[in-house]
Amino acid sequence: MRRLLRVIIGTGIVLATVLLVVAGTGVFVVRHSFPSYDGSIELPGLEADVEVVRDGNGIPQIYADKPSDLFAAQGYVHAQDRFFEMDFRRHVTSGRLAELFGKDALETDKFVRTLGWRRVAEKELGLLSPATRQYLDDYARGVNAYLDTHAGSGLSLEYAVLSLQAAVGGGDSDYRPEPWTAADSLAWLKAMAWDLGGNLDEEITRTKLAATIPAKTVNTLYPAYPYDRNEPILPEGSVDAEGRFSTTASESAARRVTLSKDLLKSLDSVDKVAKGLPQLLGRGDGIGSNSWVVSGEHTTSGKPLLANDPHLGATMPGIWSQVGLHCNKFSPQCPFDVSGFSFSGLPGVVIGHNSSISWGFTNLDPDVMDLYLERLSGEGVLYNGKVEPLTTRTETFKVAGQEQDEKITVRETRHGPLISDVDDDAREAGDLAAKGKSTEPYGVALRWTALTPGRTADAIFAINKAQTWSAFRTAATLFEVPSQNLVYADREGHIGYQAPGKIPIRRSGTGDWPVPGWDPKYEWAGFIPFQAMPTEFDPADGIIVTANQAVVPKSYKYDLTNDWDYGYRSQQILDRIRRAGKLDVGKMSSIQLDTKNLNAEKLVPSLLRIGIDDDFDKQGQDVLRGWDFTEPADSAPAAYFNIVWRNLLALTFHDQLPESAWPDGGSRWFEVIRTLLDQPNSSWWDDLRTPQRESRDDILRESLVDARAEITTKMAREPDNWQWGRLHKLTLTNQTLGKSGIGAVDRLFNRGPYELGGGSSLVNATAWDASQGYTVTATPSMRMVVDLSDFDKSRWINLTGVSGHAFSSNYTDQTDLWVKGETLPWAFSKGAVEAKREHTLTFTKPER
C-alpha cells in the first residue's frame, strides 16, 4: 500500500500548496462536489416521478411507483454521496488500480486479475433472473445519469487531487470515469466474498510453520473449539437419514507434501499480496460480527428483537450506506418496502428489515478455499498419471504515467489459477522446471467457491422482498458466497437461523493444508446440500446468538471449517441475554457495548499469583486486583492488562515463530494461552534468545514488569492517570489519499483519532493487532437493533456518515454518537419519515 501511494504523496504536496496559497480556490474545490439534496432533477428512463426524502443525517428514503424507477434513483443517490468510493472499488475488483495510481499498484492488480474477479462477475450476469438483471441495469442508469452531469472535482475532491498527478510526473489529468455497468456492481460481491471467504491466510501460515517446526507443535497453536465452555450456534443437530438437518436427531488428515524453498518463497509473496488487498477493501485484523435474535417471551413488547453489528476494517467513508427503498403502492408489481444498510455500488439493501421481517448477518467463515500443489510438466500439469494442458489467458494493464502497457499470462489448472505465478521468481522457477532445467516443477493453485459464477445477487433482492420464513429460506438457497449466518425475525413472532452457501465436501482432508493437485483423492465431491445445512426455527429457549463461533456440534456429519472464532463473544452475549430478564431496544444496545474480557478473567488470577519484590513494578500488578474485567476507554486496569497481554505474547512466541505468524492476540490466542497456563514447563515458555530455560512463571513475571515500564513511558507513572483509550485509538482513514503521509492532505480526508474502549474478541469488538500495537484495526461497522413490535422504535448507527465528501456535514456526523455508544432513531413508516424530513429531491421524467 505504501508503494501504491508514492505517486499520491507527490500529488498531496501539490494539493497542499494549492490550498494554502490560493485559499479561495481551495474552498471552491472542496465544496464543488457537494450534491444537492433539494430541488428537481430530470432522470432519463423514469416512468413516473420519484421522491427522495432525507433527514438531518442525510439518510435517503426513496419513494417510487415501480422497481425500475426505485433502483435508478438509488443509483443516482449512491453516486451523489459516494461515487469516488464506487469508482475506487471497481478499479480494485477489476485489477485496474494502476490506471489511477501508476506502476506501484501493479502487484495488487496482477493478483486480482489472476483470480479473475471481474471475469467471474461478467459470467454471473447470464445466470441471474431477468428481474435482478433489470434492477442492476436500472441502478447503472441512475449512476450514469449523475456522471453525465458531473465530472472532475464536481464528482469528488479526490478527483481534484488525482488531476494534479500530471504536475508531478504521472497520471492522467483528463481522467473521466467510464459509465457504470451491472458487472461493476457484481464484482463488489466478489470483493466481499474475499474478505469473508475462508482460511487462505491460515492455510499458508500453517504450511510455512510446518516447514520449520513439527506439525504436532503447529497444531498446539490451533486448538480445538471449546464446546464444553462456549456453546455453538445450534447446540444440537445432525443430518438425518433423508439428508435433512435436524435438531432432534471424522476427521481425516490430508497427506502433506514437502514444499520446496522456491514455493515457500512464493507463498510468502502470495501471503503478502493477499493480506495487503483486504486493506484496500475495508478489511482489517479482527474481522467478525455479532448478531442475535430473541423471541417475544424475552421482550417487554412480546415481539422479537433482532440485533446486528458487523465487524469490518474501519475506513473513511464507512463501508455501509443507509437507505430506505419504498414502493408507493406495495404490490406484486412493486414488492419493495425495505430499509437498512446498503453497499454503494450495489442496488438493494444488504442488512435490515422490510415491512414484515428483519434479518442480520455474521460470517459463517467456512473453509471454501483450498491450495493445490501442482506438478508442472512442459506446457501442462500432471493429474492422475497424465499431463493435462494448462488454460492460459493474457491480461493487459494500462499504467498511469507510462505509455507502454504491461502484460502477464495467467495460467490455470483444473483447480483454479496458479497464484504462485504472481511472484515473478516463482513463475521463473516454474518455467525452468517445465523445461526440464529444474528439479522442482511445482506451482500453487487456488480453488475457491467464489470463482464459480453464482446467483448471490438474486438472493439479495429475494430477501428484500421476503415476507415469511419460508420465502426467506427460499431466498437463502441462492446465497452462495460468502457463506453467512442468517438470523431472522418476523412480525408474527417467529425467529430463525439459516446457514446458506456453497461449502465443499472433500474426498480427503479438511482443507487445513495444501494438498497434491495430481492426486484425484483430494478433489471436491460436490457441495453440502442446502437441506443439510444448519437451520433452526422457533427454538424452545427463544434465543439465537451468532458471533462467528462454531455453528454445529460434533455430531454434524460435514466439515464446515476448523477455524471458528473460539466463542468468547458469543458466550458473553448469551450469558447477558439469559441474565437480562425482559429486553427492550435499549437493553439490546447495551449488550452490543459490552466490554468484558473473558480472557482477562481467566488470566489475571495467574498474574496475581506471581511474586514481585520491587514496589514500583508491583504497583502495576496491584491495579489488576478487584478489576471487573471490563474495558471502557477510561479504564486503568484495561490499559495495563492489554500491555501485559501484548508483552506476554511477544515473550512467549516471537522467538520461535516467524514474524508473519506472530500472535495478533485474538480469540485463538486466548485459547492457546489458556491451555499453556496448565503446562508450566512447555517449551513455548522458554525464550530461546536467553541461555537459561524459562518457565511459565518467569514469562508471566517478565510480562508484568515490562508492561509497568512500557505504560509509564507511554502514559504516566501514577496508575490514576492510565486510560485504555489513550492507547486504543481509531483514526478513520481514507483508503487512498488519506495515507499520503502529508499532514495537510491526510487532514483533508481523515478524521480522528478517537479514544475507544473494547478490544479484540470482546462483544464491543474494537480489534487491535498485538503484533503491531494498540491501534484499532477493525470495529463494529454499524449497529442496529430492530423492534418487530414497531419498526419505528428501531435504532441504527453508522460508523461514519452517508456522505463520502470530505467536509460535508454528513461525512462523520454519526461518528461521535457511535463512539459514545449511542444510536439514531430509525424512521420507517411514511409518517415517521415525514416527521424527520429536512430535504426533498424529486426526480422527474425528462421533457420531450
Side-chain angles (χ1 to χ4, degrees), residues 196-199 201-203 206 219-239 245-253 286-293 308 310-311 360-369 482-487 496-501 503-506 509-512 528 532-536 539 541 543-578 598-599 602 666-672 674-675 760-763 765:
L196 304 172
N199 70 336
D201 54 345
E202 297 293 357
E203 192 168 338
R206 270 192 286 257
N219 287 336
T220 66
L221 302 179
Y222 295 87
Y225 186 85
Y227 287 96
D228 58 329
R229 288 182 280 108
N230 298 335
E231 296 180 28
I233 295 173
L234 306 183
E236 297 179 354
S238 59
V239 179
F245 184 85
S246 173
T247 55
T248 60
S250 65
E251 291 188 6
S252 60
I287 296 305
S289 300
N290 303 322
S291 71
W292 65 93
V293 59
N308 197 187
H311 310 153
F361 290 177
T362 63
N363 193 13
L364 177 63
D365 203 22
D367 186 357
V368 294
M369 293 179 175
S483 296
Q484 299 288 289
N485 298 305
L486 307 183
V487 294
Y497 166 85
Q498 180 65 55
I503 301 174
I505 300 171
R506 295 172 176 85
T510 56
D512 293 341
I528 300 175
M533 290 291 285
T535 187
E536 189 167 42
D541 65 354
I543 302 171
I544 301 172
V545 174
T546 81
N548 316 116
Q549 80 274 36
V551 174
V552 286
K554 295 178 181 179
S555 58
Y556 187 65
K557 67 179 287 186
Y558 296 109
D559 288 315
L560 295 175
T561 184
N562 289 324
D563 292 307
W564 310 112
D565 178 274
Y566 283 80
Y568 290 84
R569 283 182 289 116
S570 59
Q571 195 61 41
Q572 178 66 3
I573 293 168
L574 190 58
D575 291 345
R576 284 283 303 265
I577 292 171
R578 287 170 174 167
L598 297 181
N599 177 49
K602 171 63 178 178
S667 69
R668 175 161 66 90
W669 297 100
F670 290 8
E671 200 65 18
V672 169
R674 185 186 186 98
T675 301
S760 297
S761 300
L762 313 189
V763 177

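Formation of a donor-acceptor pair under 3.5 Å by the D563 side chain with backbone atoms of D365 is not found in this model. With hydrogens and angles disregarded, no donor-acceptor distance shorter than 3.5 Å links the side chain of S246 to the backbone of S238. Not a single donor-acceptor pair under 3.5 Å links the side chain of R674 to the backbone N or O of K602.
Closest heavy-atom contact between Y227 and P553: CE2-CA, 4.0 Å. Contact record, S483 with P366: CB-CG, 3.5 Å, taken as the closest heavy-atom pair. L762 and R569 make their closest contact through O-CD, 3.0 Å (heavy atoms, listed as atom of the first residue, atom of the second, distance). Taking each heavy atom of V487 and Y497 in turn, the nearest pair found is CG1-CD1, 4.5 Å. Across every non-hydrogen atom of N308 and G360, the tightest pair is OD1-CA, 3.2 Å. Counting all heavy atoms, side chain and backbone alike, G496 lies closest to V293 at O-CG1, 4.4 Å.
In this structure, the salt bridge (Lys or Arg N to Asp or Glu O under 4.0 Å) partners of E231, at least two apart in sequence or on a different chain, are R578. Here E202 pairs with R668 under the salt bridge (Lys or Arg N to Asp or Glu O under 4.0 Å) rule; sequence neighbours left out. Under the salt bridge (Lys or Arg N to Asp or Glu O under 4.0 Å) criterion, R576 pairs with D594, not counting sequence neighbours.
I528 contributes atom CD1, which lies 5.0 Å from atom CG of L560 (distance to the nearest 0.5 angstrom). Atom CG in N363 sits 5.0 Å away from atom CD in Q484 (nearest 0.5 Å).
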- [ ] In sequence, state the C-alpha distance, the side-chain angles, and the governing distance for W292 and L574, and then conclude on side-chain contact (heavy atoms from CB on, under 4.5 Å).
- [x] CA-CA 9 Å; W292 65 93; L574 190 58; over 6 Å; no
- [ ] With side-chain contact (heavy atoms from CB on, under 4.5 Å) as the test, would you mind laying out the steps for V763 and N290 before giving the verdict?
- [x] CA-CA 7 Å; V763 177; N290 303 322; 3.7 Å; yes
- [ ] Could you give me the CA-CA distance, side-chain angles and deciding distance for S761 and N599, then say whether side-chain contact (heavy atoms from CB on, under 4.5 Å) is met?
- [x] CA-CA 9 Å; S761 300; N599 177 49; over 6 Å; no
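Between Y556 and L234, every side-chain heavy-atom pair lies at or beyond the 4.5 Å cut-off. Residues V552 and P232 have side chains not in contact (no heavy-atom distance under 4.5 Å, counting atoms from C-beta outward). Looking only at side-chain heavy atoms (C-beta outward), Y568 and N230 come within less than 4.5 Å of each other. In this structure, the side chains of Q549 and Y225 come closer than 4.5 Å at one or more pairs of heavy atoms. Between I503 and M533 the shortest side-chain heavy-atom distance falls below 4.5 Å.
Taking a cutoff of 4.0 Å between a charged side-chain nitrogen and a carboxylate oxygen, R206 and D512 qualify as a salt bridge.
No side-chain donor from either of D559 and T510 sits under 3.5 Å from a side-chain acceptor of the other.
Paired with L364 under the rule side chain to side chain contact (heavy atoms under 4.5 Å, CB included), one option of T546, N485, T561, N548 passes, and it is N485.
Here the two rings, on Y566 and F670, have centers that are 6.0 Å apart or farther.
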